[in-house]
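Input: a single structure, listed below in structure tokens.
These figures come from a predicted structure and were not determined experimentally.
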Amino acid sequence: MSTFLLHGRPGWGSAIVEAQLAWYGLPHTVRDAGDLFASDDARAALRPLNPLMQVPTLQLPDGRVMTESAAIT
């Protein structure tokens, strides 16, 4: 992966991370994580990256994962 991949959801705290990636001109893609409260599929997709299944979850270009908007910031 050569870009950052942000797993987020509108209204769930990922906007600040998306704004920072854009501000610094970092190549990134935003993937809607889905409704983690209502969708088994959404939880199953995010679980391998973040066992707590929280957004935002940020995959770095080297494959490492960061969570928690304050920590990412």
Side-chain angles (χ1 to χ4, degrees):
M1 173 178 17
S2 61
T3 66
F4 291 84
L5 177 56
L6 176 61
H7 301 265
R9 180 95 173 141
W12 288 30
S14 55
I16 187 69
V17 177
E18 184 177 357
Q20 287 176 316
L21 291 167
W23 174 264
Y24 290 108
L26 298 171
H28 66 281
T29 301
V30 179
R31 180 174 295 160
D32 190 329
D35 187 338
L36 298 169
F37 291 119
S39 170
D40 290 335
D41 291 338
R43 289 189 297 274
L46 192 58
R47 186 177 290 120
L49 300 172
N50 183 349
L52 296 177
M53 295 170 287
Q54 298 171 327
V55 293
T57 295
L58 181 65
Q59 284 181 274
L60 306 180
D62 66 6
R64 292 179 294 160
V65 173
M66 294 184 73
T67 63
E68 302 290 339
S69 56
I72 295 167
T73 298

Minimum heavy-atom separation for [X] to [Y], with atom names?
X: G8; Y: S14; value: CA-OG, 3.5 Å
X: R43; Y: L36; value: NH1-O, 2.8 Å
X: S2; Y: P61; value: C-CB, 4.2 Å
X: A44; Y: P48; value: O-CD, 3.2 Å

Quick check for you: to the nearest 0.5 Å, what is the distance between [X] atom [atom1] and [Y] atom [atom2]?
X: Q20; Y: L6; atom1: CD; atom2: CG; result: 10.5 Å
X: L49; Y: Q54; atom1: CG; atom2: CD; result: 13.0 Å
X: T67; Y: L58; atom1: OG1; atom2: CG; result: 10.0 Å
X: L26; Y: F4; atom1: CG; atom2: CZ; result: 5.0 Å
X: I16; Y: T73; atom1: CD1; atom2: OG1; result: 5.5 Å
X: T29; Y: E18; atom1: OG1; atom2: CD; result: 10.5 Å

side-chain hydrogen bond (donor to acceptor under 3.5 Å, both in side chains) involving D32 - partner list, sequence neighbours excluded: R9

Counterpart residues, side-chain hydrogen bond (donor to acceptor under 3.5 Å, both in side chains), relative to R31 (two or more places apart): none

L52 reachable from I72 in the ILVMFWY side-chain graph, under 4.5 Å edges: no

Single-linkage hydrophobic cluster, 4.5 Å side-chain cutoff, V17 and V65 together: no

Check: Q59 main-chain N/O paired with R64 side-chain donor or acceptor under 3.5 Å: no

